[in-house]
Protein chains: 2
Amino acid sequence: MDIDSYTNHQKIIVAVDCIIFGFDGNQLKALLIKRGFEPQKGKWSLMGGFINNNEDADCAAVRVLNKLTGMDNLYMEQLHAFSRVDRDSAGRVISIAYFALINIADYSEQLQVEHEAKWFELSQLPELIFDHTAMVLKAQDLLREKVARHPIGFELLPDKFTLPQLQSLYEAIYETSLDSRNFSKRILSLGVLNKLDEKEKKSSRRGAFYYVFDSIKYKNLEASGVRFV
Amino acid sequence: MDIDSYTNHQKIIVAVDCIIFGFDGNQLKALLIKRGFEPQKGKWSLMGGFINNNEDADCAAVRVLNKLTGMDNLYMEQLHAFSRVDRDSAGRVISIAYFALINIADYSEQLQVEHEAKWFELSQLPELIFDHTAMVLKAQDLLREKVARHPIGFELLPDKFTLPQLQSLYEAIYETSLDSRNFSKRILSLGVLNKLDEKEKKSSRRGAFYYVFDSIKYKNLEASGVRFV
DNA sequence: GCAAAAGTGTTTGGTCTACACCCATGA
DNA sequence: TCATGGGTGTAGACCAAACACTTTTGC
């Protein structure tokens with residue numbers, strides 16, 4: 001084997017696909033698009049794109065996410081490379097899947113129309129092309145693992161959120177129900193939330209205090225293995 | 001965009017690289033090879049290879065592992081796709097890294113010679129080519145995460161092992177020391193080890209009982225979030 | 001005044017930690 | 001008989017889970 005093996009070796013198209021999670025206050029959802037080109041045109045699909053020679057996979061994922069959402073700085077993480085030889089019916093394509101978290105309220109109606117995109121409850125996903133269903137399921141597993149130990153749940157909520165909102169987010173992610181007394185004790189005892197003087201008054205007469213996540217306070221705890229859920 | 005975009009799109013060489021962990025009774029080690037071809041010939045490197053058009057990444061990793069170790073059925077898991085544009089000095093190559101666990105005693109001297117391979121303590125890695133050092137460090141993180149919640153530590157030991165051996169494995173992985181009373185209580189209380197009548201007599205006069213991991217008993221616990229460390 | 005959601009404390013059981021001595025054996 | 005590593009129990013601290021009522025306020 002010599003250097004020619006490099007330049008001569010079989011090359012493969014490499015893509016990225018993005019699982020975008022959002023939370024509408026009750027349900028955990030994924031953003032899917034109606035595929036605009038063949039093969040499988042018109043089927044539901046993850047948003048994806050090919051990796052160019054002058055960009056790495058993270059850049060490609062950022063580009064794809066930006067195209068669909070108009071946003072930069074989304075929380076984003078590599079999930080897994082999917083490489084089954086026949087996974088794409090049009091030819092050999094390896095796809096590096098990413099998952100991203102987005103505050104669903106920030107997602108513009110207009111982009112939704114432009115891309116024929118739609119939020120689907122995870123329990124009611126339509127049939128997806130290729131191996132995209134497996135990608136979503138794997139992303140859901142990783143989300144559950146991550147969210148318990150890292151402060152990424154907040155990415156799914158507005159900057160200001162109430163404890164009941166945060167609780168129902170965790171309930172949606174884990175498909176469980178939590179005791180509100182134990183929940184607020186544990187979360188507040190971490191000391192990474194700052195209570196505001198302001199109340200959210202839409203969802204109850206009494207109103208619930210807003211909190212914000214304090215990433216500086218969190219930094220000091222990070223090493224010591226915090227558990228959010 | 002249409003179907004031609006598929007077949008015409010820029011293609012990229014895709015490789016796999018394998019981080020192979022072993023445990024010699026005291027130290028956690030990684031198996032490295034002296035690279036036999038340019039670029040960077042003679043430098044220390046992970047064992048790797050290119051993905052062919054007719055195989056997926058897992059197959060390529062199995063093939064690479066088999067070539068170096070002569071073994072099939074190694075415990076193996078995808079780690080991460082490394083895709084920096086300039087990561088390989090000879091051209092654009094995306095590498096999907098895998099980590100594998102091996103019982104170091106099973107690794108043949110002969111293959112070690114053939115491939116100019118050598119076991120290195122993780123704290124004393126030589127300089128590695130490209131981004132291989134980052135791969136090893138990321139693999140070490142994943143190993144620590146996995147080993148606490150999944151029964152994969154046993155892959156690094158012989159089928160029959162003693163509690164002191166298992167303890168020193170965990171101590172090596174986490175670079176810590178554990179209390180032997182607490183350790184044996186926790187591990188045995190999981191009920192997934194079967195004690196044999198036989199003793200290991202090399203490392204002490206008294207001898208330590210051998211145990212074997214019982215994967216059937218483990219299956220029944222799997223769902224309920226077992227913690228090994 | 002009533003419906004609807006927010007907010008809050010205590011008890012209990014289990015789990016984790018810290019800690020030290022005796023045992024079995026080969027030399 | 002002694003040196004070496006193997007094996008074991010208990011008490012206290014801490015953490016997690018179970019559990020229900022009062023508060024606020026818009027209607």
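In what follows, chains are A, B, ... by sequence order, proteins preceding strands, each numbered from 1.
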Would you mind telling me which residue lines up with the more 5' stretch of DNA chain D, A:Ser180 or B:Glu200, judged by nearest nucleotide? B:Glu200
Parallel, tilted or perpendicular: ring planes of A:Tyr218 versus A:Phe213, cut at 30 and 60 degrees: tilted
Looking at [options], which one has an atom nearest to any side-chain atom of [X]?
| X | options | result |
| --- | --- | --- |
| A:Asp179 | D:dG9, D:dG7, D:dC19 | D:dC19 |
| A:Arg186 | D:dA17, C:dT8, D:dG7 | D:dA17 |
| B:Phe209 | D:dG7, C:dT8, D:dA18 | D:dG7 |
| B:Lys185 | C:dA18, D:dA17, C:dG7 | C:dA18 |
| A:Arg205 | D:dG26, C:dG7, C:dT10 | D:dG26 |

Does a distance-only test, which skips hydrogens and angles, find a donor-acceptor pair under 3.5 Å between the side chain of A:Arg206 and the base of C:dA6? yes
Donor/acceptor link under 3.5 angstrom from B:Lys199 side chain onto base of C:dT25: no
Taking the nucleotide of DNA chain C with the closest heavy atom to each, which residue, A:Ser204 or A:Leu188, is nearer the 5' end? A:Ser204
On the six-membered ring of A:Tyr211, is A:Lys195 placed so that its NZ or CZ lies under 6.0 angstrom from the centre and within 45° of the ring axis? no
Tell me, please, whether B:Phe120 has B:Lys29 positioned over its six-membered ring: NZ or CZ under 6.0 Å from the ring centre and within 45 degrees of its axis? no
Quickly work out the [X] [atom1] to [N] [atom2] distance and round it to whole Å.
| X | N | atom1 | atom2 | answer |
| --- | --- | --- | --- | --- |
| B:Leu178 | C:dC16 | CG | C1' | 13 Å |
| B:Asn182 | D:dA11 | CG | C1' | 13 Å |
| B:Leu163 | D:dG5 | CG | C1' | 13 Å |
| A:Phe228 | D:dA16 | CZ | C1' | 18 Å |
| B:Tyr210 | D:dG6 | OH | P | 12 Å |
| A:Ile187 | D:dA16 | CD1 | P | 12 Å |
| A:Arg181 | D:dT22 | CZ | P | 13 Å |
| B:Lys202 | C:dT25 | NZ | P | 18 Å |

Is there side-chain contact between B:Leu28 and B:Leu143, with heavy atoms separated by less than 4.5 Å? yes
Report yes if the side chains of A:Gln40 and A:Phe130 come closer than 4.5 Å at any heavy-atom pair, otherwise no. yes
With heavy atoms under 4.0 Å as the rule, sort B:Lys201 into base, sugar-phosphate or nothing. sugar-phosphate
May I ask you to say what A:Ser203 touches in the nucleic acid, namely base, sugar-phosphate or nothing, with a heavy-atom cut-off under 4.0 Å? sugar-phosphate
